[in-house]
Amino acid sequence: MHTNRLVHETSPYLLQHAHNPVDWYAWGEEALETARREDKPILVSIGYAACHWCHVMEKESFEDADTARLMNERFINIKIDREERPDLDHIYMDAVQAMTGSGGWPLNVFLTPEAKPFYGGTYFPPRPVHNRNSWQEVLGGVSTAFRDRRAEVEQQAENLTRHVATIGSFDIGAGKEDQPAAAIFHPETLALITEQLLATADKEEGGFGAAPKFPQTFSIRFLLNQYYYTRDKSALDQACLSLDKMITGGIYDQLGGGFARYSTDRSWLVPHFEKMLYDNALLIIVLSEAWQLTRKPLYREAIEQTISFIDRELGNGEGGYYSSLDADSEGIEGKYYVWDKAEIDLLLGKNAALFNTFHGVTTEGNWEGKNILTRPPETIPGPAQQEVLEAARGRLMKQRGTRVRPALDDKILLGWNALMNIALSKAYAALGDDRYKRMAIAGIGFIRERFRGEGIHFYHHSYKGEARVPAFLDDYGALIGSLLHLQEITGDSGYLIEARDILRYVDGHFSEPGTGFFFYTHDGQKDILLRKREIYDGATPSGNSMMASNLLYLGIVFDEREWTQRASRMAAALQRPVTGYPGSFGVWATIFLALTYTIPEVVITGHKPEIARKEFLSHLIPYRVLQSSGEENTQFPLLRDKPAGQDPLIFVCQNYACQLPVNEVATAIRLVENVYKISVQDEQ
């Protein structure tokens with residue numbers, strides 16, 4: 001069997017291409033030096049293991065001997081896993097979007113021997129269709145242009161590289177205009193953000209915009225938090241409608257739990273069937289807050305089932321979690337998850353009628369003659385029906401387990417594992433299930449063991465125990481966030497010390513001079529065309545928004561005023577894009593909430609603070625600093641002069657000025673809510 005250089009790589013996606021006839025390189029000096037020496041253009045093809053159209057293009061073009069011969073003769077061909085090297089994906093995705101107005105994966109971009117982009121696109125078919133050139137035609141055209149119009153190509157590459165370097169810069173400072181913070185972080189600003197989000201909301205099917213529909217958890221979370229502060233029922237209704245429709249639709253795995261990446265239709269029926277760790281972590285986070293606000297059984301059920309899915313199908317058994325499950329099995333998208341009614345009838349016998357009615361199963365099916373399982377939005381089965389349905393789901397799960405499973409991308413990413421760690425802490429806070437706390441503690445232990453290098457230096461990914469790529473800003477941002485949440489649910493102040501030390505490291509190696517923001521890459525990373533600043537909250541939170549939140553929290557914990565001021569300046573600099581396009585700045589929008597409504601500081605002391613802490617955590621308070629201690633502690637400003645007697649005492653403070661302590665959590669919650677009411681009245 002033919003093999004290429006990718007056979008020596010650690011990315012499952014690259015290994016999938018190790019037997020293509022294309023002479024693939026991985027990104028690195030060998031490929032770049034070969035391009036310079038042979039004076040050939042570079043083809044960079046970027047995808048990921050769960051990407052359906054990446055697999056399609058591989059089968060149609062990269063496995064074709066004639067196409068591979070053309071690629072090998074005229075280009076230096078580089079394959080990149082976007083999840084392994086998101087820094088490169090960001091640079092070249094920006095370039096292709098600037099050229100074509102759209103992007104996606106597979107991403108195919110052509111570079112000069114100096115790695116500067118000059119042409120690109122996404123999926124190209126093997127034959128011309130609908131006025132779209134075939135892949136071989138694209139290869140021929142690019143090769144001819146590079147040979148015959150070299151000066152023009154070089155100029156295009158220079159212009160495009162300069163443009164990519166400035167993308168995002170227009171946002172920084174666009175809303176500053178020397179306005180005082182009180183004018184920016186104001187309830188009217190938040191009302192405008194809410195209005196913008198609701199203007200794009202689907203009021204019938206939930207979510208935002210038209211198909212394809214992504215979960216947009218940041219927008220949902222903002223609306224939940226906005227409801228907490230304002231009791232704006234329209235915000236709560238849209239947030240809950242979105243969650244309800246997803247949980248009862250086909251995007252949610254009605255048998256095994258967990259969410260697919262997105263829905264191809266408006267009503268969440270037909271998903272793109274791949275399941276990503278980060279999507280499910282972010283949905284657990286927002287569902288936990290929705291449960292805290294509403295106590296709706298559907299949300300508890302979805303949290304529990306989704307964590308079970310992740311533990312069962314993505315867990316490595318050591319506290320870590322793999323990246324994703326493919327959409328395809330046996331080369332057919334969704335085959336693992338869909339059902340014929342006849343198969344269900346045979347398996348369930350007399351219980352089939354109830355199951356089929358509840359989960360929308362019909363003879364004709366709801367997708368390509370098959371059934372994607374759904375459930376009715378408002379129907380809550382009685383105890384006897386619930387028992388039958390649970391047994392039926394178990395029987396079908398067992399049968400599904402005999403099918404050919406979708407491929408597993410078993411690399412482990414630091415940032416996604418840290419997000420999952422936050423999700424487990426949030427789920428513990430909401431539901432009080434000690435298993436989730438134990439899983440979170442095990443997870444941070446796994447991260448330290450597998451991802452930490454010398455000193456305070458972490459790696460981005462691990463595959464079969466090997467870690468190579470240095471961590472990026474969003475890895476560190478999520479890691480710090482996970483430590484802050486672990487401190488809250490455990491009372492272990494060591495997590496705060498660790499978070500502070502990592503934040504200082506990030507400040508020293510990622511900060512962008514003059515802006516207060518952070519670059520995506522470490523200052524010691526040399527194998528990239530340029531250093532970029534990422535500020536948009538996309539499928540995952542941007543590293544900058546996570547760092548702003550971390551600066552705010554740790555600035556209060558350690559009384560580091562420069563950190564809190566820096567977070568405020570970062571958010572203020574994005575006033576115009578956050579208010580104008582909140583769907584792309586959802587995490588920033590929640591930071592606006594925190595900076596508008598004053599951040600209460602809550603301290604719980606006592607011989608056994610964990611009982612009061614657990615009760616306090618079960619309530620949603622969107623942004624507050626929480627510390628608890630069973631003994632006197634002078635190391636932290638908030639814990640100083642707080643007695644730790646036999647009985648629990650709860651202190652509610654603002655700017656380190658504390659009210660008289662109370663014994664009851666319910667009383668403390670009322671005090672916290674009064675802090676918000678007072679701050680809003682002061683603003684008005």
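Only heavy atoms go into these numbers, but all of them, side chains included; no hydrogens, no water, no symmetry mates.
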**OP:** Please identify each residue that fulfils ring-ring contact (aromatic ring centres under 6.0 Å, His included) with His19, with sequence neighbours left out.
**Re:** none

Can you see which heavy atom on [X] is nearest to which on [Y], and at what distance?
| X | Y | answer |
| --- | --- | --- |
| Phe75 | Leu70 | CD1-O, 4.3 Å |
| Tyr252 | Gly257 | OH-CA, 3.7 Å |
| Lys532 | Val164 | NZ-O, 3.3 Å |
| Ala50 | Ser324 | CB-OG, 3.6 Å |
| Phe519 | Pro513 | CE1-CD, 4.2 Å |
| Arg531 | Asp523 | NH2-N, 3.4 Å |

For the [atom1] atom of [X] and the [atom2] atom of [Y], what is their distance to the nearest 0.5 Å?
| X | Y | atom1 | atom2 | value |
| --- | --- | --- | --- | --- |
| Asp253 | Thr306 | CG | OG1 | 9.0 Å |
| Tyr48 | Asp409 | OH | CG | 11.0 Å |
| Leu139 | Ser134 | CG | OG | 8.0 Å |
| Thr200 | Gln216 | OG1 | CD | 7.0 Å |
| Phe273 | Ser329 | CZ | OG | 10.0 Å |
| Ile42 | Ile78 | CD1 | CD1 | 5.0 Å |

**OP:** Could you please spell out the steps behind the side chain to side chain contact (heavy atoms under 4.5 Å, CB included) verdict for Glu137 and Phe124?
**Re:** CA-CA 10 Å; Glu137 287 173 334; Phe124 291 96; over 6 Å; no

Listing request: all salt bridge (charged side-chain N to carboxylate O under 4.0 Å, His left out) pairs with a residue in [range], at least two apart in sequence or in separate chains.
| range | result |
| --- | --- |
| residues 122-135 | none |
| residues 469-481 | none |
| residues 260-269 | Asp202-Arg266, Glu204-Arg266, Arg261-Glu274 |
| residues 96-113 | none |

Original post:
Hey, mind stepping through Asp87 and His460 against side-chain hydrogen bond (donor to acceptor under 3.5 Å, both in side chains) and telling me if it holds?
Top reply: CA-CA 11 Å; Asp87 54 335; His460 168 65; over 6 Å; no

**OP:** Go through Gln136 and Thr67 one step at a time and tell me if the side-chain hydrogen bond (donor to acceptor under 3.5 Å, both in side chains) criterion holds.
**Re:** CA-CA 6 Å; Gln136 287 199 16; Thr67 303; 2.9 Å; yes

With sequence neighbours left out, which residue pairs that include part of [range] fulfil the disulfide (SG to SG under 2.5 Å) condition?
| range | value |
| --- | --- |
| residues 131-165 | none |
| residues 26-122 | Cys51-Cys54 |
| residues 81-160 | none |

**OP:** Sequence neighbours left out, what pairs pass ring-ring contact (aromatic ring centres under 6.0 Å, His included) with at least one residue falling in residues 82-104?
**Re:** His90-Tyr520

Do the charged groups of [X] and [Y] touch, with an N to O distance under 4.0 Å?
| X | Y | result |
| --- | --- | --- |
| Asp23 | Arg5 | yes |
| Arg69 | Glu73 | no |
| Glu313 | Lys275 | no |
| Asp410 | Lys464 | yes |
| Lys411 | Glu84 | no |

Flag the pair [X] / [Y] as yes when at least one side-chain heavy-atom distance between them is below 4.5 Å, and no otherwise.
| X | Y | value |
| --- | --- | --- |
| Gln525 | Asp527 | yes |
| Met546 | Ile480 | no |
| Met420 | Asn280 | no |

Subject >> Residue pair Lys79, Tyr13: steps toward the side-chain hydrogen bond (donor to acceptor under 3.5 Å, both in side chains) verdict >> reply: CA-CA 9 Å; Lys79 224 355 155 168; Tyr13 175 67; 2.7 Å; yes

**OP:** Go through the steps to decide whether Ile251 and Lys213 satisfy the test side chain to side chain contact (heavy atoms under 4.5 Å, CB included), and finish with yes or no.
**Re:** CA-CA 10 Å; Ile251 192 174; Lys213 274 187 176 174; over 6 Å; no

Subject >> Aromatic centroids of Tyr505 and Tyr476 separated by under 6.0 Å >> reply: yes

**OP:** Determine, step by step, whether Ser11 and Asp81 satisfy the side-chain hydrogen bond (donor to acceptor under 3.5 Å, both in side chains) criterion, reporting the C-alpha distance in whole Å, the side-chain angles of both residues, the deciding distance to 0.1 Å, and the verdict.
**Re:** CA-CA 7 Å; Ser11 156; Asp81 181 344; 2.7 Å; yes

**OP:** Test Glu29 against every option in Arg37, Arg36, Lys526 by the salt bridge (Lys or Arg N to Asp or Glu O under 4.0 Å) rule and name the one that passes.
**Re:** Arg36

Original post:
Going through the checks in order, is the side chain to side chain contact (heavy atoms under 4.5 Å, CB included) test met by Trp367 and Leu269?
Top reply: CA-CA 9 Å; Trp367 181 63; Leu269 171 64; 5.6 Å; no

Check: residues 102-113 side-chain donor-acceptor pairs under 3.5 Å, at least two apart:
from: Trp105; atom 1: NE1; to: Asp89; atom 2: OD1; distance (Å): 3.0
from: Asn108; atom 1: OD1; to: Ser45; atom 2: OG; distance (Å): 2.8
from: Asn108; atom 1: ND2; to: Thr122; atom 2: O; distance (Å): 2.8
from: Thr112; atom 1: OG1; to: Glu114; atom 2: N; distance (Å): 3.3
from: Thr112; atom 1: OG1; to: Lys116; atom 2: N; distance (Å): 3.4

Subject >> salt bridge (Lys or Arg N to Asp or Glu O under 4.0 Å) partners of Lys335, counting only residues at least two apart >> reply: Glu330

**OP:** Not counting sequence neighbours, which residues clear salt bridge (Lys or Arg N to Asp or Glu O under 4.0 Å) with Glu534? List them please.
**Re:** none

Original post:
Hey, does the Lys NZ or Arg CZ of Arg403 hover above the aromatic six-ring of Trp339, less than 6.0 Å from the centre and inside 45° of the axis?
Top reply: yes

Original post:
What is the ring orientation for His522 with His509, classed by angle as parallel under 30°, tilted 30 to 60°, or perpendicular over 60°?
Top reply: parallel

**OP:** Apply the test side chain to side chain contact (heavy atoms under 4.5 Å, CB included) to residues Leu32 and Tyr25: give CA-CA distance (whole Å), side-chain angles for both, the deciding distance (0.1 Å), then the verdict.
**Re:** CA-CA 10 Å; Leu32 300 176; Tyr25 290 81; over 6 Å; no

**OP:** Check Tyr321, Phe472, Phe451, Tyr278 against Trp416 for a ring pair (Phe, Tyr, Trp, His ring centres under 6.0 Å) and give me the one that passes.
**Re:** Tyr278

